[in-house]
Amino acid sequence: MTATEELRMPVARTCPFSQPEQYVRMREASALTRVQIPGGKEAWVASRHEEARQILGDRRFSSDRFLPNFPFLAEGGAAILTNAKQKAMIGMDAPEHGEARREVLGEFTVKRVEAMRPRIQEIVDGLIDELLAGPKPADLVEKLSLPVPSLVICELLGVPYADHDYFQQRTMALIRRSTTVEDRKKASEELREYLSGLVSAKEKDPTDDLLGRQIVKRRDQGNYDHDAMIGLAFLLLVAGHETTANMISLGTIGLLENPGQRATIEADPGKTLLAVEELLRYFTIVEGATARVATEDVEIGGVTIKAGEGVLVLGYAANWDPDVFESPEKLDLERGARHHVAFGFGPHQCLGQNLARMELQIVFDTLFRRVPTLKSVLPVDEIPVKEDATIFGLYQLPVTW
Amino acid sequence: MKIIADTGKCVGAGQCVLTEPALFDQSEEDGTVIVLNDTPDGELVEKAREAVNICPSQALSLEE
């Protein structure tokens with residue numbers, strides 16, 4: 001089968017509240033679809049929930065970004081990787097991947113993350129204090145969505161308080177749309193340099209935080225490596241920042257636009273954790289991370305994916321599969337559906353998912369409790385969305401109260 | 001019913017613990033699953049099924 005001109009990825013997401021028409025058509029027609037991707041290549045797209053989970057859970061599909069047919073949604077994706085000194089965890093396969101993941105898994109258990117709750121609550125309260133003390137209207141992205149994950153990562157990595165401003169300015173520059181290519185590169189280099197210094201300081205004095213504990217553990221095991229530790233710090237910084245920020249912005253607009261739904265969690269904060277699952281399903285912001293390459297011929301969804309062919313698993317389409325989620329276009333905070341694939345599925349499922357869940361839970365509970373009159377300044381169709389980005393989100397969310 | 005956990009397959013996502021902390025915990029060392037009660041009854045049976053369905057690594061199964 002040949003991809004037609006019409007079936008081309010990526011597809012722009014122009015509205016946070018509706019799925020691109022192409023996704024709906026692909027999903028209705030077949031489980032697997034052949035599409036064109038950037039760079040004049042072709043790949044398979046999996047748009048239904050069942051096959052999405054099968055592919056992501058099947059070891060015959062590789063995550064290795066260096067394989068020739070690895071399907072990147074942005075041109076130049078491979079070029080960025082070839083500069084990398086070491087393969088990141090996200091691009092590893094078994095058994096290497098499982099070993100790397102287990103080294104840090106203990107830091108992300110439900111219990112370990114729960115222990116961070118009081119500090120994260122303090123961070124969120126502090127930012128809302130500043131928001132309320134500042135001028136109206138304010139950009140929620142700048143005042144809350146971006147600084148929450150940034151400060152949580154400071155906490156996680158053990159960035160000293162005095163360095164928070166330096167760290168945050170550069171992580172913001174890395175992510176902000178208006179940053180020039182040159183400034184972004186500079187911010188990235190400065191952060192890497194900063195993290196290298198931070199790792200060196202913790203080698204001398206291993207403090208009780210993720211980096212300190214990892215240094216002690218790996219030294220005991222005899223496999224400590226300075227560069228690997230910087231790589232880990234950078235991965236956690238990048239993976240945990242824009243993703244969480246975008247979900248804060250989108251979740252907020254989702255709750256503002258659905259006051260009846262919002263009332264259910266305002267009346268009973270015990271429901272917020274499940275509400276977060278629904279927001280994750282509804283907005284499914286990450287798609288580039290769930291690309292794979294078949295390492296052998298695999299029969300799936302009525303087709304044969306041949307060895308060497310690339311597959312894009314469209315979590316967003318899978319999470320709106322009406323055979324699995326009834327009326328998927330409805331934001332239903334009491335749906336109770338936890339089998340979405342917003343964090344991916346299989347061995348690579350998001351390492352920081354429980355930290356993300358807690359950040360979102362605390363933000364939504366605290367924001368609407370403390371700022372009950374919060375409202376968007378712009379109508380939804382005028383809020384600037386990241387339609388061209390590999391991680392969907394809002395560029396700005398001007399609010400008043 | 002008996003819950004079988006394959007720690008070799010487990011990827012430590014913690015979804016089982018979120019589903020039912022009375023049945024599951026995670027190792028502090030490497031985050032992999034620890035089954036606290038492998039023969040659930042009553043309401044816990046449904047929770048065990050949900051945990052199996054949601055597990056991203058197919059590390060959990062049920063012996064009926």
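Labels below follow one simple rule: chain letters A, B, ... track the order of the sequence lines, proteins then strands, and each chain is numbered from 1.
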query: So, do B:Leu18 and A:Arg338 sit near enough that their side-chain heavy atoms are less than 4.5 Å apart?
result: yes
message: To check you understand the geometry: which heavy-atom pair defines the closest contact between A:Val110 and B:Gln26, and what is its length?
response: N-OE1, 2.8 Å
message: Measuring only between side-chain heavy atoms, which start at C-beta, is B:Gln58 closer than 4.5 Å to A:Phe345?
response: yes
- request: Measure from the side-chain N and O atoms of B:Glu28 to the backbone N and O of A:Gly106, and report whether any donor-acceptor pair falls under 3.5 Å.
  value: no
message: Please identify, among A:His97, A:Glu107, A:Lys111, the residue contributing the most non-hydrogen atom pairs under 4.5 Å to chain B.
response: A:Lys111
Heavy-atom pair count under 4.5 Å with chain A, highest-scoring of B:Gly14, B:Ala13, B:Gly31: B:Ala13
- prompt: Would you say B:Glu63 has more than 12 foreign heavy atoms packed within less than 6.0 Å of its CD?
  reply: no
- request: Before accepting this row, confirm whether a basic side-chain N of the pair A:Arg101/B:Asp30 lies closer than 4.0 Å to the acidic partner's carboxylate O.
  value: no
message: Nearest 0.5 Å, please: how far is CZ in A:Arg59 from OG in B:Ser57?
response: 10.0 Å
statement: Taken to the nearest 0.5 Å, the spacing of B:Glu29 CD from A:Glu103 CD works out to 9.0 Å
Sorted by number, residues from residues 32-52 of chain B in contact with chain A (heavy atoms, under 4.5 Å): B:Thr32, B:Glu50
Atom CD of A:Gln221 with >12 non-hydrogen neighbours under 6.0 angstrom: yes
